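Here is the structure we will look at.
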Amino acid sequence: MTTLPETTHKKLGLVIDLDTCVGCHACVISCKGWNTENYGAPLSDQDPYGADPSGTFLNRVHSYEVQPAEGAAQLIHFPKSCLHCEDAPCVTVCPTGASYKRVEDGIVLVNESDCIGCGLCAWACPYGAREMDAEEKVMKKCTLCVDRIYNENIPEVDRVPSCVRTCPAGARHFGDLGDPDSAVSQLVAERGGMDLMPEQGTKPVNKYLPPRPKDALPEFDVLAPFLDPVIAEPKGFLGWLDKALEKL
Amino acid sequence: MHPAPSVIFFSTFSGLGFGLLFFLGFGFPAVTGFTAFAFFAIAYVLAVGGLIASTFHLGHPERALKAFTQWRSSWLSREGWCAVAALLVMALYGAGLVFLEQRWTVLGIIGAFLSIGTVFTTAMIYGQLKTVPRWNTPLTPAYLLSISIAGGALMAGQITWAIALLVLAGAVQVITWTMGDNAFESAGTDLASATQLGNIGTVRSFEPPHTGTNYLLREFVYVIGRKHALKLRVIALGLMVVLPVLVLLLPFNHWLALVAVLSHVAGVLASRWLFFAQAEHVVGLYYGKR
């Protein structure tokens, strides 16, 4: 069924801390590793060791430079994967019912045996979360590691998405965003979690935590700005050099 | 958006074919017997040929029948139903004309509306996409419908209608281009809303996720040939509308009519190429591109 559920009680998703992410891309590699050998078709690469490599990834890390009105620019690493939207446009456009949003936990999945590879769901997604695999010709997307999080054959500590388990900085959090008392919901409330492209009306479940404000240098003395600089003109050898060069 | 040849051919030729079926359904021209057979054969070759071309861009065309299941939510599925219904109803109506010399008027009108409905469902596949602001407007169905009906009138040999409808299609085309040029800015999606970092300062893409390209960039960030857009617009409008109208104003001649049709088709192909190549998907913003 490609109509969306009215509402889902559970809203499993990720909270990504842009203040903490160091841009190491470990989540990208661990995602590719887990998802290429587990649920669904593998994530193929084309010309991986050649001149023009490309491949299917479910998670990619962008880096943005943000220049404030005053002060130094900030570099912010920005992991991006499926946001498991409540009003997922990728689901309703699917002509075959291959794309669906699970009623029990809100995860957006693709039933690959029903996918005709028309690509319309990727057209409908504003976030670039869906990629057509060039080898298998079916649509691939983040499954929130549905084959890990309920998997009783692996240790309990591993029952989180691969990217969350891997992140060395602790910038990725997994939990139920439909439960206001969950750790992730509290983190979102405390830090002011953000929706990407809210004007698209997709109501993403995944939230992004904004970078914390940067420290400013403390003012040592209120009179300091009024004092003359210690050395206005160079003296000695540098003073002579300065004058000599001026005359040239 | 990547202008895939299969989709350009599909929308051009099936639009023309369904446009012709629209006129045949209303009995213009009022043909029977072998002449009707010729008209219907041309319409079916165009419409069905276009539909077959559209399956070339599917990853798994062998599963295409599954696309009939989701008509309640998906315009692509509705397009499938509409196309099959139109082709079946018009086949029955055409069989009456060709073999029995009988005109089943009501059946023809139903078929005509199903035919033009197919073009509308195709247009809505693009028109519904909020991610492509240039397409996300009622002008998208207006553009595809007006060209399809004008092309249908031309193919059906309805000269007076064809001239009027071609001029109308040309006007819709110019409005679509003009309004479309500002659509991305007025949609309000930019790198600041995409990253939500705008309240810190000016956001700039510093480094993409990979040094190479990927599916998203190939499919959604197609910039080749955009610099020739204005020239192509003039060529498209000239071939699609101006030349056919001038030719139709001359005394009728079958060879001149053929020139008008070929010029129109070439113009529509150019216009459809621009429809895709000039459409910008918001995902390009994440890559610092449009």
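Within every chain, numbering begins at 1; the chains are lettered A, B, ... in the order of the sequence lines, protein sequences first and strands thereafter. Being a predicted model, the structure only gives us computed values, none of them experimental.
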Checklist entry - For chain A, which of B:S193, B:P208, B:S77, B:G201 has the most heavy-atom pairs under 4.5 Å? => result B:S193
Checklist entry - Is chain A contacted by the side chain of B:E79, its backbone, both, or neither, given a heavy-atom distance below 4.5 Å? => result neither
Item to check | Top of B:T69, B:L129, B:L216 for chain A proximity - count of heavy-atom pairs under 4.5 angstrom | outcome: B:L216
Next on the checklist: If I measure from the heavy atoms of chain A, does B:A64 come under 4.5 Å with its side chain, its backbone, both, or neither?
Outcome noted: backbone
Next on the checklist: Counting neighbours of CD on B:E62 that are heavy atoms of other residues, nucleotides or ligands and sit closer than 6.0 Å, is the number greater than 12?
Outcome noted: yes
Checklist entry - Relative to chain A, which segment of B:Y286 carries a heavy atom at a distance below 4.5 Å: side chain, backbone, both, or neither? => result both
Item to check | Trace of the side-chain hydrogen bond (donor to acceptor under 3.5 Å, both in side chains) decision for B:Y287 with B:N214 | outcome: CA-CA 11 Å; B:Y287 290 84; B:N214 64 31; 3.1 Å; yes
Next on the checklist: Go through it in stages, so that I can follow the logic: the residues are B:F113 and B:F120, the test is ring pair (Phe, Tyr, Trp, His ring centres under 6.0 Å), and I'd like the CA-CA distance, side-chain angles, deciding distance and then a yes or no.
Outcome noted: CA-CA 10 Å; B:F113 280 111; B:F120 177 72; over 10 Å; no
Next on the checklist: Any salt bridge linking A:R212 with A:D19? Criterion: basic side-chain nitrogen under 4.0 Å from a carboxylate oxygen.
Outcome noted: yes
Next on the checklist: Is B:W81 in contact with chain A via its backbone, its side chain, both, or neither, using a 4.5 Å heavy-atom distance?
Outcome noted: neither
Checklist entry - Is it the backbone or the side chain of B:F56 that comes under 4.5 Å from a heavy atom of chain A, or both, or neither? => result neither
Next on the checklist: Among A:Q200, A:K137, A:Q46, A:H25, which residue has the highest count of heavy-atom pairs closer than 4.5 Å to chain B?
Outcome noted: A:Q200
Item to check | Nearest-0.5 Å distance, CD1 of residue A:I107 to NZ of residue A:K11 | outcome: 14.5 Å
Checklist entry - What residue in B:H60, B:Q128, B:H281 has the most heavy-atom pairs under 4.5 Å with chain A? => result B:H60
Checklist outcome for this item: Within residues 71-82 of chain A, the residues sitting under 4.5 Å from chain B by heavy atom, in sequence order, are A:Q74, A:L75, A:I76, A:F78, A:K80
Checklist entry - Do the rings of B:H210 and A:F57 sit parallel, tilted or perpendicular, given the 30° and 60° boundaries? => result tilted
Checklist entry - If you draw a 6.0 Å radius around CZ in B:F206, do more than 12 non-hydrogen atoms from other residues or ligands fall strictly inside? => result no
Item to check | chain A contact via B:I200 - which portion, at a heavy-atom distance below 4.5 Å | outcome: both
Item to check | Heavy-atom contact with chain A under 4.5 Å, split by part of B:R218 | outcome: side chain
Item to check | Contact leader toward chain B among A:C125, A:P89, A:G23, A:P126, where contacts are heavy-atom pairs under 4.5 Å | outcome: A:P126
Item to check | Contacts with chain B made by residues 109-118 of chain A (heavy-atom distance under 4.5 Å), listed by residue number | outcome: A:E112, A:S113, A:D114, A:C115, A:I116, A:G117, A:C118
Item to check | A:E135 atom CD, over 12 foreign heavy atoms within 6.0 Å | outcome: no
Item to check | Interface residues of residues 183-196 of chain A facing chain B - non-hydrogen atoms under 4.5 Å apart | outcome: A:M194, A:D195, A:L196
Item to check | Any residue of residues 2-15 of chain B which, by heavy atoms, sits under 4.5 Å from chain A | outcome: none
Checklist entry - Are B:D181 and B:R134 within salt-bridge range, i.e. N to O under 4.0 Å? => result yes
